[in-house]
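Predicted, not measured: the structure shown is a model, and the values here were computed from it. Any value given below was found using the heavy atoms of this structure, including those in side chains, with hydrogens, waters and symmetry copies removed.
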Amino acid sequence: MTDNNTANRGPLDGIRVLDLSRVLAGPWATQLLGDFGADVVKVERPGSGDDTRHWGPPWLGGDEGESAYFLAANRNKRSITIDLKNADGCRVLKRLASKADVLIENFRAGTLAAIGLDSDVLRAENPRLVVCTVSAYGKDSSLATQPGYDAMIQASGGLMSITGAPDEEGGGPQKVGVAAADIMAGMYAATAIIAALRAREKSGKGDTIEVPLYDSQVAWLANQAMNYLVGGVVPGRRGTAHPNIVPYQAFATTDGHLMLAVGNDRQFASCVRAIGAPGLADDPAFATNADRVHQRERLVDELSRIFRTRSTAHWIDALSRVDVPCGPINRVDEVFESAYARERGLVHRLQHPLSASLPTVANPVRFAEHVVDYRRAPPLLGQHSDEVLREWLGYSAESIQDLKNAGAL
């Protein structure tokens, strides 16, 4: 569906995505697909739209404007409103699905089947369609019909049990500061969709994909999961400290904190010499990382005493000179106001109906032969209904007006 002139196009140029998802996991996946060039059409409820349109403040354009939350996950999409409780609306959606390459949804299990729009029906009509369902729990599980939001998945999926300061330091379970379970499920969904599109090139057939939030959360427990499965020890909360590497945590300085990330024995020796404690490098109790993990408390106490004597900037300078990974703990404003953010263009501005210069966080991917495409600001509710129906289905103005009169749109 593309020509040979791909230099100024995203690698998914020509791919049509029908996005029936709401909130964050599904929209995060489709925003990535849109950034990579896909034509993403977001299907929303008439009148209210995606729940996150109402998750504010802050708002763009005042209290009647768009929420910052919605704007974070809906770039490079067009919005069409369809009432799925309306028979005409269901017929429109089915026709759109017949023209799509991908359909992604996160309705509660059985919702689309109840209106005759489940994966089997849609793929019978369009065998090349890739259907992706992002759910709270697996469809063949006892929890299949249960709703799920990010915080409860972080809690029940184990993440909160390893996030936060330990009890002995007055801590307790903590949620990650962003909706990490949703975002990671969205990333898994996007990569699975791209893999299914690649497989379709060989088979000519689409696929049906399931990405449960809970399963995704468990999958990305990564080393913490394997620490338990291999070592049999239940991981606990360590604050900023690493369960498998020492020293790898934040240390207080005279004016703030330093994040130290010593990843091997050479870095440890360089670190302690740079901070004026060469004897620690020669101490056999700290010779290897395994030794340092066993002697964690003793070593961390000694390092804490030293780091409290000078400023964060002093230690970063000293450690950076000997290639020891370290850094400040920046606030979000410091991140976006940094020289690095300017050099890398981490903020990209788009024209929006409510702002001539809407800031959006740039996609981190850089292609040599393609572009990350910033074509569209997040859409107003139903902004592109007429446009999409004309382009995808060839509907006339009269046909569209009839659908509106029937309450389908």
Side-chain angles (χ1 to χ4, degrees), residues 1-22 25-44 73-80 82 92-106 112 117 119 122-134 185-211 350 360 362-379 383-385 387-394:
M1 286 185 280
T2 62
D3 59 30
N4 293 325
N5 182 22
T6 61
N8 294 314
R9 298 184 181 182
L12 294 182
D13 178 61
I15 295 295
R16 286 179 165 178
V17 177
L18 197 58
D19 181 8
L20 277 65
S21 67
R22 296 99 56 218
W28 197 261
T30 52
Q31 178 167 267
L32 287 173
L33 300 178
D35 286 353
F36 296 156
D39 177 12
V40 180
V41 170
K42 184 178 180 70
V43 178
E44 301 188 72
N74 289 284
R75 175 178 62 221
N76 284 331
K77 303 177 187 182
R78 295 188 285 178
S79 172
I80 178 173
I82 299 178
V92 170
L93 180 62
K94 191 173 183 180
R95 286 206 63 196
L96 288 169
S98 74
K99 303 294 184 181
D101 297 286
V102 176
L103 182 146
I104 183 168
E105 57 93 8
N106 62 350
L112 289 183
L117 293 173
S119 174
L122 296 176
R123 291 190 57 217
E125 183 89 7
N126 178 6
R128 290 177 56 81
L129 183 66
V130 173
V131 178
C132 180
T133 296
V134 179
M187 298 289 285
Y188 277 115
T191 55
I193 287 167
I194 293 170
L197 290 172
R198 175 68 179 91
R200 190 183 71 173
E201 293 178 3
K202 298 180 181 180
S203 69
K205 296 180 180 179
D207 204 343
T208 300
I209 301 166
E210 181 187 16
V211 184
L350 296 169
T360 184
N363 188 302
V365 175
R366 301 289 191 274
F367 294 104
E369 301 297 334
H370 295 83
V371 298
V372 172
D373 208 346
Y374 300 95
R375 304 178 308 285
R376 300 178 184 274
Q383 181 180 345
H384 305 98
S385 293
E387 177 180 303
V388 170
L389 292 175
R390 286 196 306 269
E391 287 185 14
W392 280 36
L393 304 181

Salt-bridge criterion met for Asp19 and Lys77 (N-O under 4.0 Å)
yes
Arg128 and Asp101 ion-paired at < 4.0 Å:
no
Only one of Thr208, Val102, Ile194, Val17 clears side-chain contact (heavy atoms from CB on, under 4.5 Å) with Val130; which?
Val102
Would you call Arg198-Glu201 a salt bridge at under 4.0 Å N-O?
yes
How long is the span from the OG atom in Ser21 to the CG atom in Asn106, to the nearest 0.5 Å?
5.0 Å
Smallest separation among heavy atoms of Val92 and Leu393, with atom names
O-CD1, 4.3 Å
Locate the shortest heavy-atom distance separating Ala29 from Gly186; write the atom from each residue and the value.
CB-O, 3.2 Å
When rounded to the nearest 0.5 angstrom, what distance separates CG in Leu389 from CZ in Arg95?
9.5 Å
Looking at every heavy atom in both Ala25 and Val134, which two are closest together, and how far apart are they?
CB-CG1, 3.8 Å
Are any of the side-chain heavy atoms of His370 and Pro11 separated by less than 4.5 Å?
yes
Just how far is it from atom CZ of Arg200 to atom CD1 of Ile193, taken to the nearest 0.5 Å?
11.5 Å
I need the Ser385 OG to Ile82 CD1 distance, nearest 0.5 Å.
7.5 Å
From CA spacing to verdict: side-chain contact (heavy atoms from CB on, under 4.5 Å), Trp392, Leu18
CA-CA 11 Å; Trp392 280 36; Leu18 197 58; 4.2 Å; yes
Pairwise side-chain contact, Ser119 with Arg123, heavy-atom cut-off 4.5 Å (strictly under):
yes
Less than 4.5 Å apart, side chain to side chain, heavy atoms only: is that true for Asn74 and Val40?
no
Can you check whether Met187 reaches Leu32 side chain to side chain, under 4.5 Å on heavy atoms?
yes
Side chains of Asp13 and Phe36, heavy atoms from C-beta outward: is any pair under 4.5 Å?
no
Under 3.5 Å donor-acceptor, Asp35 side chain and Asn363 backbone:
no
Would you find a donor on one side and an acceptor on the other, under 3.5 Å apart, between the side chain of Asp207 and the backbone of Val131?
no
Any luck finding a side-chain donor-acceptor pair between Ser98 and Glu125 under 3.5 Å?
no
Taken in chain and number order and not counting sequence neighbours, the residues that satisfy ring-ring contact (aromatic ring centres under 6.0 Å, His included) with Tyr374 are His348
Say you draw a straight line from CG of Leu122 to CG of Leu129; how long is it, rounded to the nearest 0.5 Å?
6.5 Å
Pairwise side-chain contact, Val43 with Leu93, heavy-atom cut-off 4.5 Å (strictly under)
yes
Checking the side chain of Glu105 only, and the main-chain atoms of Leu20 only, is there a donor and an acceptor separated by less than 3.5 Å?
no
I need the minimum non-hydrogen distance between Lys42 and Pro27, along with the two atoms involved.
NZ-CG, 4.0 Å
Search all heavy atoms of Ala185 against all heavy atoms of Val211 and return the closest pair with its distance.
O-CG1, 3.8 Å
What distance do Glu387 atom CD and Ser79 atom OG have between them, rounded to the nearest 0.5 Å?
11.0 Å
Taking it one step at a time, do Lys94 and Leu117 satisfy side-chain contact (heavy atoms from CB on, under 4.5 Å)?
CA-CA 7 Å; Lys94 191 173 183 180; Leu117 293 173; 3.8 Å; yes
Test salt bridge (Lys or Arg N to Asp or Glu O under 4.0 Å) on Asp373 and Arg9 and set out the steps.
CA-CA 7 Å; Asp373 208 346; Arg9 298 184 181 182; over 6 Å; no
Steps toward side-chain contact (heavy atoms from CB on, under 4.5 Å) verdict (Ile80, Leu96):
CA-CA 11 Å; Ile80 178 173; Leu96 288 169; 4.3 Å; yes
Treating Arg375 as the side-chain partner and Gly34 as the backbone partner, does any N or O pair qualify as donor plus acceptor under 3.5 Å?
yes
In terms of heavy-atom contacts, Ala377 and Leu350 come closest through CA-CD1, 3.8 Å
Is the shortest side-chain N to carboxylate O distance from Glu391 to Arg78 below 4.0 Å?
yes
